[in-house]
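Because the structure is a prediction, the values reported are computed rather than measured.
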Amino acid sequence: RRTGAGKAMVAVTPTAAANALLRPAIHEFELAMDPLVKAWAKTKWGEVQEVGCKRPKWAHICYNCVGKDMRPFFDHEKLFDAFTLGEVVQKHIVEFVQASLPTLSDAERERYRNDVHHVGFIRNALAHPPEPNAAMCVMGVDAVLGVLRAHGAIDEAGVQALERLQARLQ
């Protein structure tokens, strides 16, 4: 379509709008969870680097949490992506939740586990075609918010982002 002054206007699909909001939510997840997961791992497994090993013990255990296809991209000195964070937490969910969120009820722990799994899943879906559909994006943003709320790392802006996403899709 054309608007005034000869400029073309492009219609944005619900899926494109949802993906545009999901990506920053995933990034916020990474920024919030990276220091939490790394601090927990360092405390649990230690920072000693064994002879012949390329990384400290905590990082080596985290490295072993990701699949062989992802290992060439693993760098413990950089921000862990949502997939890596999800893999580490899921592989050690009981210990991580006990240390990080000891007051969660059984139902809240189950919701947390599901949310962490879904964030890793949706990040993987973003990285590999086809892009996730609008409903998957809404569920992904909701999962990000669930994890961040559990850690007290969410503010009103995050809640508003989910509400904007949901409103655009209706």
Side-chain angles (χ1 to χ4, degrees), residues 15-102 104 109-133 136-155 157-159 161-162 165:
T15 297
N19 272 273
L21 291 172
L22 176 61
R23 290 176 190 281
I26 294 289
H27 186 65
E28 289 301 317
F29 173 88
E30 293 165 345
L31 292 174
M33 292 299 291
D34 179 82
L36 293 175
V37 170
K38 287 179 178 175
W40 170 78
K42 288 173 184 178
T43 300
K44 176 143 182 78
W45 298 305
E47 297 189 59
V48 174
Q49 187 164 336
E50 296 175 9
V51 176
C53 190
K54 296 180 180 180
R55 54 191 65 84
K57 186 172 183 180
W58 74 267
H60 186 71
I61 293 172
C62 291
Y63 170 84
N64 285 328
C65 291
V66 300
K68 290 180 181 168
D69 291 343
M70 287 296 291
R71 287 181 184 167
F73 306 104
F74 182 90
D75 185 345
H76 68 281
E77 294 178 347
K78 293 185 180 176
L79 184 74
F80 282 0
D81 67 12
F83 180 79
T84 300
L85 291 163
E87 290 295 292
V88 172
V89 171
Q90 287 179 81
K91 297 262 185 335
H92 302 281
I93 190 78
V94 173
E95 299 98 329
F96 182 77
V97 170
Q98 284 175 345
S100 305
L101 303 164
L104 291 185
R109 286 174 191 238
E110 186 64 19
R111 167 72 195 254
Y112 182 84
R113 185 193 66 76
N114 290 341
D115 285 346
V116 168
H117 172 78
H118 195 74
V119 171
F121 167 80
I122 200 71
R123 184 271 171 206
N124 202 35
L126 282 171
H128 305 283
E131 284 191 330
N133 63 35
M136 291 171 66
C137 291
V138 170
M139 292 179 354
V141 171
D142 187 53
V144 165
L145 292 174
V147 172
L148 296 181
R149 276 190 189 113
H151 288 282
I154 188 69
D155 59 17
V159 174
L162 177 60
L165 176 59

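A donor-acceptor contact closer than 3.5 angstrom links the side chains of Asn124 and His128.
How far CG of Asp115 is from CD1 of Ile122: 12.5 Å, rounded to the nearest 0.5 Å. The structure places CG of Asn133 at 9.0 Å from CG of Asn19, a figure rounded to the nearest 0.5 Å. Distance check, rounded to the nearest 0.5 Å: CG of Asn64 to NZ of Lys91 gives 10.0 Å. Distance CG/Asp34 to CZ/Phe29: 10.0 Å, rounded to 0.5 Å. Interatomic distance, Leu145 CG to Glu28 CD, rounded to the nearest 0.5 Å: 10.5 Å. The distance from atom SG of Cys62 to atom NZ of Lys38, rounded to the nearest 0.5 Å, is 8.5 Å.
At a threshold of 4.5 Å between non-hydrogen side-chain atoms, the residues Lys44 and Phe96 do not count as touching. Considering only heavy atoms from C-beta on, Gln98 stays 4.5 Å or farther from His92 through its side chain.
The aromatic ring centres of Tyr112 and His151 sit less than 6.0 Å apart. For His60 and Trp45, the gap between ring centers reaches or exceeds 6.0 Å.
Although no hydrogens or angles enter the test, the distance criterion places no donor-acceptor pair under 3.5 Å between the side chain of Glu30 and the main chain of Asp81. One N or O on the side chain of Gln49 and one on the backbone of Cys53 form a donor-acceptor pair closer than 3.5 Å. Within the 3.5 Å criterion, the main-chain N or O of Gln90 finds no donor-acceptor partner in the side chain of Arg113.
Taking 4.0 Å as the cut-off between side-chain N and carboxylate O, Arg123 and Glu87 do not count as a salt-bridged pair.
Val144 and Ala25 get closest at one heavy-atom pair: CG1-O, 3.4 Å. Taking both residues in full, the closest heavy atoms of Pro132 and Thr15 are given as O-CG2, 3.4 Å, listed atom of the first, atom of the second, then distance. Across Ala82 and Val119, no two heavy atoms sit closer than the pair CB-CG1, 4.0 Å. In plain terms, the two heavy atoms of Leu21 and Val141 that are nearest each other are O-CG2, 4.4 Å. Across Ala99 and Pro102, no two heavy atoms sit closer than the pair O-CD, 4.1 Å.
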Practice task
Would you check, one step at a time, whether the test side-chain contact (heavy atoms from CB on, under 4.5 Å) holds for Phe74 with Arg55?
Solution key: CA-CA 11 Å; Phe74 182 90; Arg55 54 191 65 84; 4.0 Å; yes
Exercise for the section: Please lay out, stage by stage, how Arg23 and Leu126 fare under the test side-chain contact (heavy atoms from CB on, under 4.5 Å). Expected result: CA-CA 8 Å; Arg23 290 176 190 281; Leu126 282 171; 3.6 Å; yes
Practice task
Take His118 and Val147 through the side-chain contact (heavy atoms from CB on, under 4.5 Å) test and state the conclusion after the steps.
Solution key: CA-CA 10 Å; His118 195 74; Val147 172; over 6 Å; no
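Using the six-membered ring where Trp is involved, His76 and Trp58 have ring planes that are perpendicular, over 60° apart on the 30 and 60° scheme. Ring pair His117/Phe121 is parallel by interplanar angle, where below 30° counts as parallel and above 60° as perpendicular.
The environment of Lys57 atom NZ is sparse: at most 12 non-hydrogen atoms of other residues, nucleotides or ligands sit within 6.0 angstrom.
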